[in-house]
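What follows is a set of notes on a single structure, which appears directly below.
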Amino acid sequence: MLNREHMPVSSQDEGEQQLYIEDLKNRIYGKGLKYHIVTYGCQMNVHDSEKLAGMLSEIGYTETGRQQDADLILFNTCCVRENAELRVYGNVGALKSYKQANPNRIIGICGCMMQQSEVADYIRQTFPFVDLIFGTHNLHRFPQLLLQALDSNHTVVEILDSEGAVVEHVPTKRTQGVSAWVTIMYGCNNFCSYCIVPHVRGRERSRRPADILAEIQKLAEAGYKEITLLGQNVNSYGKDMDEQYLFHNLLRDINEIEGIQRIRFMTSHPKDLSDDLIRAMAECKKVCKHLHLPVQAGSDRILHAMNRKYSSKYYLDLVEKVRKAMPDIALSTDIIVGFPGENEEDFEATLRIAEKVRYDSAFTFLYSPRKGTPAAKRRDQVPAEQKKQRLARLNELINGICMEKNQEHLGKIKEVLVEGPSKNRKDVLTGRTDTNKIVNFKGSPELIGSLIMVRITEAHSWSLEGEIVKND
Ligand code: SF4
């Protein structure tokens, strides 16, 4: 077992990994090896899997959609919710038979769950057939770790305690069609009392503006029309850097890149949504008029216990300011139901804030205790049944509001970026408005990747139906 406590990451490390890639290339050349990656959790994780896939492709592995055909199976895990964690344990256990069928098959587990050392230990002890375990801070070292796993009879484990510097130039195999994700910063400094992210993703580290702009320039040249900037709290981009360059500066610079037509970003913490940023959003034509602004709760008592660092009044004033600058902006949010100590009055405050803001969409969650967070230690946990009932009440309210908001679009003509065929309906394409509304309509596959005008003919709570008016 290998355990690196802390090692600073440098461009030397970047070059070193390239050498391991070359080594692996020679080693597997002509063997026709295949990989399969299973990803749990958020867009950051999906994008990390794109990097793992990028490294594997460069080594010479090809992707397979079937686990049983893969010579290398990787689980990129998430620890934000208990359900996802339990699923990982079940699914890793099921890999035992695959390993028995082909002992040369490499099984690796990485991501946020592994960044918790007790979980990594549990996996190693319970599933000794796992060959490789690594965390989030050393994803770029995957080629070196894979080489060690290929040569070892034991599980190779490498979990770094701290995050080190940002590593650039990791090969990336993007799975998104017309739209690409670009991570602009890593980690989070906020320590919301229910959240495990700062414990597993480390403190905020912003990528250098020049590196981000160069990556987006290349994406534009490759034909991507839309980019989504990712970070746990993109609004605080740049605050850890010496130079005076913040998120609004970055948005304005990306807005100038030819070929990029839409800029999205997530996630935004309300306390960091500055006037400069609101102004940049309003003034930059390419910045989509959609803002995901997690509120989490409507009760000031609960917001304080969550360590969210704003009040409901602050949040509502912010929404007013945003809507004054961009009257047609769509707002979405995250809401947690059943945080410890939440009583009926607190929950009704959440219903009230949802009614006042009238979100275009919302992700609603039952509070799930995460070991290692202050909220999980509280004794006043809300009974499961009560949480479920409250969630159902909240969802009913949200669904009704979203339906009404979508009905406002009936008969209107919207510009839609065509993303691809509808998953379930033949001859139907799907795309999004700049306000992030999903629109389904009949059309030919040649339209994929173009911006077209669509008349809205039908509204549902979570999507719209339409018909093409004219091509781009
Ligand atoms: S802002 Fe809060 S909820 Fe979001 S990642 Fe940071 S700690 Fe977690």
Side-chain angles (χ1 to χ4, degrees), residues 40-48 76-85 111-113 115-116 135-137 162-163 166 181 183-207 228-240 246-247 264-274 277 291-312 314-315 318 331-342 350 353 359 362-378:
Y40 300 82
C42 66
Q43 281 92 343
M44 293 287 277
N45 251 21
V46 176
H47 189 39
D48 279 352
N76 186 7
T77 62
C78 166
C79 59
V80 170
R81 271 167 244 297
E82 196 179 12
N83 276 353
E85 247 186 58
C112 295
M113 262 174 86
Q115 200 54 50
Q116 302 164 284
T136 54
H137 300 327
S162 71
E163 48 271 26
V166 171
W181 285 314
T183 301
I184 61 164
M185 61 187 299
Y186 299 88
C188 180
N189 291 351
N190 288 320
F191 289 93
C192 300
S193 64
Y194 51 84
C195 182
I196 194 75
V197 167
H199 305 268
V200 294
R201 290 268 179 185
R203 299 298 81 74
E204 290 173 0
R205 287 101 64 209
S206 300
R207 287 180 67 198
T228 303
L229 308 173
L230 294 180
Q232 253 79 39
N233 177 17
V234 289
N235 297 169
S236 61
Y237 172 80
K239 290 182 182 170
D240 58 319
L246 297 172
F247 187 50
R264 299 188 185 279
F265 57 86
M266 68 186 315
T267 288
S268 296
H269 195 299
K271 78 172 170 43
D272 295 310
L273 191 77
S274 66
L277 177 53
L291 179 65
H292 186 70
L293 195 62
V295 63
Q296 306 299 10
S299 146
D300 288 340
R301 200 175 71 83
I302 296 296
L303 284 170
H304 180 71
M306 286 177 162
N307 195 28
R308 289 291 291 175
K309 303 184 184 92
Y310 54 82
S311 64
S312 54
Y314 173 90
Y315 185 93
L318 192 59
L331 291 174
S332 58
T333 199
D334 296 333
I335 300 176
I336 297 174
V337 172
F339 183 83
E342 181 192 79
T350 296
I353 205 162
Y359 293 104
F363 297 95
T364 56
F365 305 96
L366 288 177
Y367 168 72
S368 154
R370 299 289 61 211
K371 205 169 162 227
T373 60
K377 295 187 195 122
R378 289 182 52 156

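First listed ligand is number 1; within each ligand, the first listed atom is number 1. The first residue in the sequence is number 1, and the count goes up from there.
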- request: Determine, step by step, whether Phe365 and Val80 satisfy the side-chain contact (heavy atoms from CB on, under 4.5 Å) criterion, reporting the C-alpha distance in whole Å, the side-chain angles of both residues, the deciding distance to 0.1 Å, and the verdict.
  value: CA-CA 11 Å; Phe365 305 96; Val80 170; over 6 Å; no

query: Which heavy atom of Met113 sits nearest a heavy atom of Cys79, and at what distance?
result: CG-CB, 3.8 Å

query: At a non-hydrogen distance cut-off of under 4.0 Å, which region of Tyr194 contacts ligand 1 (side chain, backbone, both, or neither)?
result: side chain

- prompt: Under 4.0 Å from any heavy atom of Pro198, which atoms of ligand 1 are there?
  reply: 7 (S)

message: Go through it in stages, so that I can follow the logic: the residues are Glu204 and Gln232, the test is side-chain contact (heavy atoms from CB on, under 4.5 Å), and I'd like the CA-CA distance, side-chain angles, deciding distance and then a yes or no.
response: CA-CA 9 Å; Glu204 290 173 0; Gln232 253 79 39; over 6 Å; no

- prompt: Do any of the N/O/S atoms of Cys188, backbone or side chain, fall under 2.8 Å from atom 6 (Fe) of ligand 1?
  reply: yes

field: Atoms in ligand 1 with a heavy atom of Phe191 nearer than 4.0 Å
entry: 7 (S)

task: State if Arg308 counts as touching ligand 1 under the rule of any non-hydrogen atom under 4.0 Å.
output: yes

query: Taking Tyr314 for the side chain and Pro270 for the main chain, is one N or O donor matched with an acceptor at less than 3.5 Å?
result: yes

- request: Going by the side chain to side chain contact (heavy atoms under 4.5 Å, CB included) test, name the single residue among Val234, Leu273, Asn233 that passes it with Phe247.
  value: Val234

- prompt: Can the ring centroids of His137 and Tyr186 be said to lie less than 6.0 angstrom from one another?
  reply: no

task: Go through ligand 1 atom by atom and flag the ones less than 4.0 Å from a non-hydrogen atom of His269.
output: 1 (S)

task: Give the contacting part of Pro294 toward ligand 1: side chain, backbone, both or neither, where contact means a heavy-atom distance below 4.0 Å.
output: neither

message: Let's go through Asp272 and Lys239 carefully: what are the C-alpha distance in whole Å and the side-chain angles of both, what is the deciding distance for salt bridge (Lys or Arg N to Asp or Glu O under 4.0 Å) to 0.1 Å, and is it a yes or a no?
response: CA-CA 10 Å; Asp272 295 310; Lys239 290 182 182 170; 3.0 Å; yes

- request: Would you mind running through ligand 1 and noting each atom that sits below 4.0 Å from a heavy atom of Cys192?
  value: 1 (S), 2 (Fe), 3 (S), 7 (S)

- request: Return the residue, atom name and 0.1 Å-rounded distance of the protein heavy atom closest to atom 1 (S) of ligand 1.
  value: Asn190 ND2, 3.4 Å

task: Identify, for atom 4 (Fe) of ligand 1, the protein heavy atom at the shortest distance, and state residue, atom and that distance.
output: Gln232 O, 4.4 Å

task: Output yes if Cys195 passes the N/O/S-under-2.8 Å test against atom 8 (Fe) of ligand 1; output no otherwise.
output: yes

task: Could you tell me whether His199 and Phe191 have their ring centroids closer than 6.0 angstrom?
output: yes

query: At a 4.0 Å threshold, what atoms of ligand 1 neighbour a non-hydrogen atom of Val197?
result: 5 (S)

